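Worth saying up front: this structure is predicted, and the values here are computed from it rather than measured. Convention: sequence-line order gives letters A, B, ...; per-chain numbering from 1.
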Amino acid sequence: MEYDFKAIEKKWQAKWAAEGTFKAKEDASKPKYYVLDMFPYPSGAGLHVGHPLGYIASDIFSRYKRLKGFNVLHPMGYDAFGLPAEQYAIQTGQHPEKTTTDNIARYRQQMDRIGFSYDWDREVRTCDPKYYHWTQWAFLKMFGSWYDTDMQKARPIEELAAIFEKCGNASVKAACTDGDSFTAEQWKAFSEKEKSDALMRYRIAYQGETSVNWCEGLGTVLANDEVKDGLSVRGGYPVEQKKMTQWQLRVSAYAGRLLSSLDTLEWTDSLKEMQKNWIGKSEGTEVVFNVESGEKTVPVTIFTTRVDTIFGVTFMVLAPESDLVAELTTPEQKEAVEEYIKQVKKKTERERIAETKSVTGVFSGAYGINPLTGEKIPVWISEYVLAGYGTGAIMAVPAHDSRDYAFARKFDLPIIPIIEGCDVSEQSFDAKEGKMCNSGFLNGLDVKVAIETAKDYVEEKGLGRRKTNYRLRDAIFSRQRYWGEPFPIYYKDGIPTPLPESELPLELPEIESFKPAANGEPPLARAKDWTYNGYPLEKSTMPGFAGSSAYYLRYMDPHNGEALVDKDVNAYWRNVDLYIGGTEHATGHLIYSRFWNKFLFDLGYVCEDEPFRKLINQGMIQGRSNFVYRVVGTNTFVSLGLKDQYETTEIHVDVNIVYNDKLDLEAFKAWRPEFADAEFILENGEYVCGYAIEKMSKSMYNVVNPDLICDTYGADTLRLYEMFLGPIEQSKPWDTKGIDGVNRFLKKFWRLFYDRDQWIVSDEKATAEELKVLHKLIGKEQSDIESFSYNTTISAFMIALNDLTALKCTKKEILEPMVVLLSPFAPHITEELWEALGHTESVTYATFPEYIESYTVENTCTYAVSFNGKTRFTVDLPKDMSKEDVEAKVRAMEQTAKYTEGLNIVKVIVVPGKIVNIVVK
RNA sequence: GCCUUGGUGGUGGAAUGGUAGACACGAGGGACUUAAAAUCCCUUGGCCCGAAAGGCUGUACGGGUUCGAGUCCCGUCCGAGGCACCA
């Protein structure tokens, strides 16, 4: 019987589905392990060979953990709301639900072929009302909460209202939007609308005016992480800054916690670093400058991390969008300022980025007074100061800040150095080093000391206070789209009012066209009777990250109609132990999810503070494109090695008709009608193609479909090959050459069991040498899998196979454990062999083989060399090293011992598996 | 500019500070076969000598630490990813 992967894979996939082999159930008698993939957005193109990389890795780990006795939760679902389906709908009229369902069916089909061990009963789709019920529910909870910065947690909004009732808002320490303070009496006298507005400033999900990324091309606002280089990530349309009233999530309230608890996570340093940068903590000082504009004096608060440089301040700058601009501009400067503001507004985000180096600005006419020196300094307006960060106003120290320096040079403002010996004739001196000068009481201090001294001074004199700022902004939460979760909010006499929880889910209404409505309103304005109790419902929908922020919780209890997740169920599964996905979500999904989880944690709905304990970023699979070279003006194609002798054009050729860079000539002729009569100039009888590493995309003809690999080599080969390609974290091109290697391995493995039709496994007792091969493999697999080094594990299998073949070993005692060891990687072939070995239950329920103690000892060599009880060297020797080799090794170290310590080795005591003790004199 | 990574044969890639290049691909040679496929065996970093054994050199570059460095430290060059007027 030959290895017939087609029949085997079909048989076992059907069996797994029929028997529910991978169903997960809460089971207190077993430790749990939760392995999660980032669920895919089901796009129309289907899966290519790059998508399953992470899924295969996580599947191997899940299967491995099951063998190790864990109760594994390994679910899959779909991030099904999103722009592409809606844009497709606008173009074709096809309902996004239809497109999405079709795409999901296709994805499922493709995934099923690869033999994943998902518990499909737990599948979630973010666009399913039963699912988005809980997305809407979470939003209501956020709407109904505020963030107490003293307690550092979210609290119900009713408690805040009670505080207002008693003592107004002056003493409340909360994360909130700026606004007026009011007393208890004023609060009581507020109208309904005024009360609503006041509370809105504190809610965690709130409505507020803010500068947003408006994308005209998509007709919607976008979050910061949905914009890159001034263009929308989806679609690549230009994005501009615009002030609009939008729903927002007060993510910034959690900035401190999001930053500090990063330390508790097993994530890569680079990913943590990205999140740190995105959160952008900076500790500085707010200082109040009185600004004189004509007759009036206005206090202006600025933020700086370098108060120590306050004696070097020569001007101040306001952001163009700052409210202070209108207030401070003098009548003489009014025209110039307005013209400047107009210019700034006209620019798109992209243009602003492109012009980063050009310096613009205008004088406001006002003068600020340096609170330490009493000196009068001009107040300018420039776009290099951002309204959204700090206070939107800065003190400028051109001698020690490069941006201020450029500005001062352009507008000819004074530059006063305040650090001894620094040269500011060409550029500013930004480093925090040196001794202070020209700085009154700070003179002579080291810069680092001066920073603290100045902070203390400012606080003591009541000129300002220490302040920590974060770059992390609140997330814009509404989108002017159709294909998303509707907000469970209606407007009662203009007051945003939450829908009762009993009304959830608020289902997306049917509409005839998905285009924005006539007056620029979102598509939901087209819905008939989009009201609640006669009041209008909110017309925007939630963004893509809404549905993906808590999906890992829903998998725990996907059919619960009463709660997002049952408390006991949550207490069992807790959080995700291993999360595998791409790095592109570093500043989006992974921040929002952590925020969302922390919020639910505060309210006691979940038991863990962090959602994803360990995270692995799988690399991208890049395309490997092939080229043919057409001789200009002919239909003749010249092979790579000879192309320099001709004038040629390079043409992408479908990689599926190229094998090991050799072109299949007949397939090429059949590929395109215009190539039907192509002629070739060959080298050594073959046509060699050129290649390049590019993104995998249709237009480069370098897309490899996993189905095709499953057809020709089988799913087990695909799985092994994707893992054999290299470390999971690394990006690498897909290159089908080499796949034969792992395919050969499987065929050879099969032949350990079958010689043609003959079952050749014997019950003979294994020899020590044979056991050694097995135990070497067990050790290697155990340590490598835990560190996700799958490529070396597979190598270890190949070595073991070669060894066993050389030993002509076909003994059950060896082969049976090997089947178990291989099963996470190649589940289908191993199931078949497991059955042939006489087992009736799936190999999934097998137990990971253990070392036999005697072999463990004999094969483990972790040596340290110690002199007089003090460890001097550690030497690790291969586990399979023979005793003679070990002794030779130790003899070599004798030289070392003599040289470094002047000692002579008297006796070497080698205790396998223990520390080597060397007796010296 | 800042942060994070990485640089090893023809290729993908192995090497807790301890025999660099495991394993695989490709390539070359051979066996089986009328032939091909499949399968199996041998060689395969470079250079030198040789019948064999062997020797020298070699992990981007330049220094350093160490008995010993692909690995640790400093500097330089190049690649990848992220952030970018964040005061």
Side-chain angles (χ1 to χ4, degrees), chain A residues 2 228-229 268-278 280-282 284-285 302-307 309 317 319 352-353 355-359 382-386 388-397 400-404 406-407 430 469-473 583-584 586-587 617 619-620 624 660-661 691 720-721 724-727 729-745 747-748 751 783-784 789 791-802 805 862-863 865 872-878 881 885 888-889 892-901:
Chain A
E2 274 301 299
K228 214 185 163 227
D229 299 332
T268 59
D269 288 342
S270 66
L271 193 68
K272 285 187 186 181
E273 203 59 36
M274 263 191 248
Q275 291 222 335
K276 269 181 203 161
N277 291 341
W278 192 260
K281 179 176 183 171
S282 76
T285 319
I302 59 95
F303 176 75
T304 177
T305 50
R306 295 289 303 276
V307 237
T309 61
V317 188
R352 270 176 93 151
I353 289 164
E355 290 167 17
T356 293
K357 287 191 179 73
S358 73
V359 178
S382 171
E383 58 182 331
Y384 87 86
V385 174
L386 305 176
Y389 183 76
T391 58
I394 63 155
M395 64 178 208
V397 187
H400 303 289
D401 182 289
S402 52
R403 295 152 304 185
D404 297 344
F407 195 83
D430 292 15
N469 263 328
Y470 294 95
R471 272 164 59 185
L472 185 70
R473 319 264 179 93
T583 179
E584 66 272 18
T587 49
N617 286 124
M620 289 235 299
R624 190 178 187 281
N660 287 348
D661 288 344
Y691 74 90
L720 279 172
Y721 188 59
F724 191 63
L725 223 42
E729 287 101 329
Q730 199 168 298
S731 286
K732 56 230 152 186
W734 175 265
D735 185 352
T736 315
K737 99 181 171 197
I739 197 165
D740 285 322
V742 288
N743 190 239
R744 248 170 241 159
F745 162 76
K747 286 196 261 186
K748 282 192 219 170
R751 283 202 296 269
S783 61
D784 281 1
S789 181
N791 54 337
T792 55
T793 318
I794 295 169
S795 294
F797 270 107
M798 291 175 173
I799 294 166
L801 179 69
N802 288 342
T805 311
T862 311
Y863 299 95
V865 181
R872 184 65 182 78
F873 307 112
T874 48
V875 180
D876 293 333
L877 304 175
M881 207 170 211
D885 287 343
K889 199 82 199 173
M893 287 188 301
E894 199 174 348
Q895 298 302 317
T896 303
K898 271 184 190 164
Y899 189 89
T900 55
E901 312 277 327

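Put simply, A:Gln730 has no side-chain N or O that comes within less than 4.0 Å of OP1 or OP2 on B:G6. When the side-chain nitrogen and oxygen atoms of A:Asn791 are compared with OP1 and OP2 of B:G12, none of them lie within a distance under 4.0 Å. Regarding contacts with the backbone of B:A87, a side-chain N or O of A:Ser282 is found under 4.0 angstrom from either OP1 or OP2. For the OP1/OP2 pair of B:C25 and a distance below 4.0 Å, the side-chain nitrogens and oxygens of A:Arg744 include at least one atom meeting the criterion. A sub-4.0 Å separation between OP1 or OP2 of B:G81 and a side-chain N or O of A:Asn617 is absent.
For A:Glu383 and B:A87, the CD to P distance is 18 Å, given to the nearest whole Å. If you take CZ of A:Phe303 and P of B:A87, they are 7 Å apart, rounded to a whole angstrom. Residue A:Ile739 contributes atom CD1, which lies 17 Å from atom P of B:G12 at whole-angstrom precision. One atom, NZ of A:Lys276, and another, P of B:U5, lie 11 Å apart when rounded to the nearest Å. Between the P atom of B:U4 and the CD atom of A:Glu729 lies a distance of 18 Å, rounded to the nearest Å. Between the C1' atom of B:C83 and the CG atom of A:Leu386 lies a distance of 14 Å, rounded to the nearest Å. Separating the CZ atom of A:Arg624 from the P atom of B:C25 is a distance of 16 Å, rounded to the nearest angstrom. B:U4 atom P lies 9 Å from atom CG of A:Asp269, rounded to whole Å.
Comparing B:A69 with B:U59, their C1' atoms sit 11 Å apart, to the nearest whole Å. A distance of about 15 Å separates the P atoms of B:U57 and B:G62, rounded to the whole Å. Distance check on atom P: B:C72 versus B:C48 gives 34 Å, rounded to whole Å. Distance noted for atom P between B:G30 and B:A36: 12 Å (whole Å). Only the P atoms considered, B:A60 is 15 Å distant from B:A14, to the nearest whole Å. Spacing of C1' atoms, B:A52 relative to B:C67, comes out at 34 Å, to the nearest Å. With C1' as the reference atom, B:G18 and B:U33 are 49 Å apart, rounded to whole Å. One P atom belongs to B:C41, the other to B:C32, and the distance between them is 16 Å to the nearest Å.
Picking from B:A87, B:G13, B:U39 the nucleotide with the shortest atom distance to the side chain of A:Arg751 gives B:U39. Closest approach to the A:Thr792 side chain among B:G13, B:A15, B:C40 is made by B:A15 (side chain taken as heavy atoms from C-beta onward). For A:Tyr389, the listed nucleotide lying nearest its side chain is B:A87; candidates were B:C23, B:U39, B:A87. Of all nucleotides listed (B:G13, B:G82, B:C25), B:C25 comes nearest to the side chain of A:Lys737. With B:U5, B:A87, B:C83 as the candidates, the nucleotide lying closest to the side chain of A:Trp278 is B:C83. Taking every side-chain heavy atom of A:Asn277 into account, B:C3 is the closest of B:C3, B:C23, B:A87. When the nucleotides B:A38, B:A84, B:G26 are ranked by their closest atom to the side chain of A:Lys747, B:A38 comes out on top. Side chain of A:Pro727, nearest nucleotide from B:C85, B:G26, B:A14: B:A14. For A:Asp401, whose side chain is taken as the heavy atoms from C-beta onward, the closest listed nucleotide among B:A87, B:G13, B:A22 is B:A87. The side chain of A:Ile799 sits closest to B:A22 out of B:A22, B:A87, B:C40.
Within the 4.5 Å cutoff, side-chain heavy atoms of A:Tyr721 are placed close to those of A:Trp734. Put simply, the side chain of A:Thr309 reaches to within 4.5 Å of the side chain of A:Met395, judged on heavy atoms. In this structure, the side chains of A:Ile394 and A:Asp404 come closer than 4.5 Å at one or more pairs of heavy atoms.
Residue whose closest nucleotide on RNA chain B sits further toward the 5' end, between A:Ile794 and A:Ile394: A:Ile794. Between A:Glu273 and A:Arg471, the residue anchored nearer the 5' end of RNA chain B, judged by the nucleotide with its closest heavy atom, is A:Glu273.
Side-chain atoms of A:Ser789 never come within 3.5 Å of backbone atoms of A:Asp784 as a donor-acceptor pair (strictly under, hydrogens ignored).
Contacts of A:Ser270 with the nucleic acid, taken as non-hydrogen atoms under 4.0 Å apart, involve only primed sugar atoms and P, OP1 or OP2. Residue A:Lys748 is classed as a sugar-phosphate contact, given heavy-atom separations below 4.0 Å to backbone atoms only. Heavy atoms of A:Asn802 sit under 4.0 angstrom from primed sugar atoms or phosphate atoms, though from no base atom.
More than 90° away from 0 lies the glycosidic angle of B:G7, which makes this nucleotide anti.
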Wobble G-U and Watson-Crick pairs count when both distances are under 3.5 Å; given that, what is the 5' to 3' dot-bracket string of RNA chain B, with | for pairing to other strands? (((((((..(((.....[....)))((((((.......))))))((((.....))))..(((((..]....))))))))))))....
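In this structure, A:Ala406 and A:Val359 approach most closely via the heavy-atom pair CB-CG2, 4.0 Å. Smallest separation of non-hydrogen atoms from A:Asn617 and A:Thr268: OD1-OG1, 4.0 Å. Nearest heavy-atom pair, A:Thr805 versus A:Leu801, reported as atom, atom and distance to 0.1 Å: OG1-O, 2.6 Å. Across A:Gly390 and A:Phe303, no two heavy atoms sit closer than the pair CA-CB, 4.3 Å. Counting all heavy atoms, side chain and backbone alike, A:Ala586 lies closest to A:Leu271 at CB-CD1, 3.3 Å. Considering every non-hydrogen atom in both A:Thr587 and A:Met274, the closest pair reads CG2-O, 4.2 Å.
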